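Basis for what follows: all heavy atoms, side chains included, without hydrogens, waters or symmetry-related copies. Quantities reported herein were computed from a predicted structural model and do not represent experimental measurements. Every chain is numbered from 1 and lettered A, B, ... according to where its sequence line falls, protein lines coming before strand lines.
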There are 2 protein chains.
Amino acid sequence: MNAPAPMIRLTTQRQIILEELSKVKTHPTASELYDMVRKRLPRIGLGTVYRNLELMADSGVILKIEVGGTQKRFDATTDEHYHIRCSVCGKVDDIDVPVVKELVAQAAETTSYLIMGHHVEFTGICSTCQQQQAQ
Amino acid sequence: MNAPAPMIRLTTQRQIILEELSKVKTHPTASELYDMVRKRLPRIGLGTVYRNLELMADSGVILKIEVGGTQKRFDATTDEHYHIRCSVCGKVDDIDVPVVKELVAQAAETTSYLIMGHHVEFTGICSTCQQQQAQ
DNA sequence: TAGTTGATGATAATTATTATTTAATCTTGA
DNA sequence: TCAAGATTAAATAATAATTATCATCAACTA
C-alpha cells in the first residue's frame, strides 16, 4: 500500500500560469503574473495564481525568490543563479555572475547555523530608469 | 544662502529606538523593536517606530535589510557585512564571511544596470531550531 | 511670548497574502 | 454512463505588515 500519491492535476490554469512565467526573463510578482494570465484566462482568480505559484514552488517546479522589496517574486528557472533588483522601479532580473560555491563553506566555519544555501542580490538602477533620471 | 538644512531633531523616542537597536546583535523587525522600546516608553506608537526607522535608514544612520521573509529588519551596524537567516524561526544574524568586493565588478561587466551594491544572504537553521527539531 | 514648524500617538487605510467557503470539474469503479 | 468521492477553482473573508492621515503637543524662532 503506497501512500495515496497526492497527484497534482495539470489544469489549464496551472499550465497557463507556468507558460506565462516561463515567457519572461524578469521575475514577476503574483499580481503581475495575474495580469499576464488574465489576458488569456479573463475569469481566473488572484487566489488561484497565489495558490498555484506556492504549490509549484513547494514541489520545485519553479523558484520563489524572496529578495528585497515587499513582494515575493517567482522564477521559472530553477538552477542556481543570482539576481539584480532596480532600486527605482523594483524590477528583478537574472544576472550572469558565476555562483561562488566557496561562500557556503566559508560561512559554515564561522556559524552555528546549519547552512542550507545562499543568495546574492545586487542592487542598482536599470537602464530604463537611468534614462528617465538623466532627463 | 544655504538651503535650509532640514535638521532632524533628536527626540527621546529616536534616541531610545536607536539605543535599543544598537543593543542587540540580531536584526529586529519594526514590531520587535516596538516591544523593546515600549518597556522604556510605554506610550510610544507603532507608527513612530516605523517612521523613525525609515528616517534613520534614509539618512544612513542605520541599515534597512530587506532580505527574505515578509518583514523588513533593521541593523545598527552600517559597515558592509553579510547575514544569515533561519528558515524555521526567521531570525537574522550577522555572519563573519569576508565581503567579496569583486562581485560588483563582475556584475558590472554583464549588465546594463548601474550597480550600487550587493548583499549576500545565507539561509540555514539556527542552533535553537536544530535542537528543537532533533527532539 | 506668539506663531510656525515638526513630531508624536491614535487611528484609519492600503497592500500583499493566506484561509475559507461554495461550486464546478475530474476520476474511477459499479 | 452514472454516481460518489476527490480535487480544483472562483469568490470572498480574514490576516499581517506597513503606510497615511490627522488632531494635538512640544520645540524652536522671530
Does one side chain, of A/Asp75 or A/His83, offer a donor that lies under 3.5 Å from an acceptor on the other?
-> yes
When you measure from the side chain of A/Gln13 to the backbone N and O of A/Ile44, does any donor-acceptor pair fall under 3.5 Å?
-> no
With sugar-phosphate meaning primed atoms plus P, OP1 and OP2, does B/Arg43 contact a base, only sugar-phosphate, or nothing at under 4.0 Å between heavy atoms?
-> sugar-phosphate
Determine whether more than 12 heavy atoms belonging to other residues, nucleotides or ligands lie under 6.0 Å from atom CG of B/Asp96.
-> no
Which one, D/dT8, D/dA9, C/dA7, comes nearest to the side chain of B/Arg9?
-> C/dA7
Assign each of A/Gln71 and B/Thr11 to its nearest nucleotide of DNA chain C by heavy atoms, then name whichever residue's nucleotide is nearer the 5' end.
-> B/Thr11
Name the residue closer to the 5' end of DNA chain C, choosing between B/Arg51 and A/Lys72 according to the nucleotide with the nearest heavy atom.
-> B/Arg51
Measure from the side-chain heavy atoms of A/Tyr50 and tell me the nearest of D/dA17, D/dA9, C/dT18.
-> C/dT18
Measure from the side-chain heavy atoms of A/Thr48 and tell me the nearest of D/dT18, C/dT25, D/dA9.
-> D/dA9
Rounding to a whole Å, what distance do you find between A/Leu46:CG and C/dT14:P?
-> 18 Å
On DNA chain D, check which nucleotide each of B/Gly47 and B/Thr70 is closest to and give me the residue with the more 5' one.
-> B/Thr70
Side-chain contact check for A/Glu54: nearest option of C/dT8, D/dA9, C/dT18 is C/dT18
Whole angstrom is fine here: how far is it from CD in A/Glu32 over to C1' in C/dT15?
-> 14 Å
Hey, are A/Tyr113 and B/Asp93 close enough side-chain-wise for a donor-acceptor pair under 3.5 Å?
-> yes
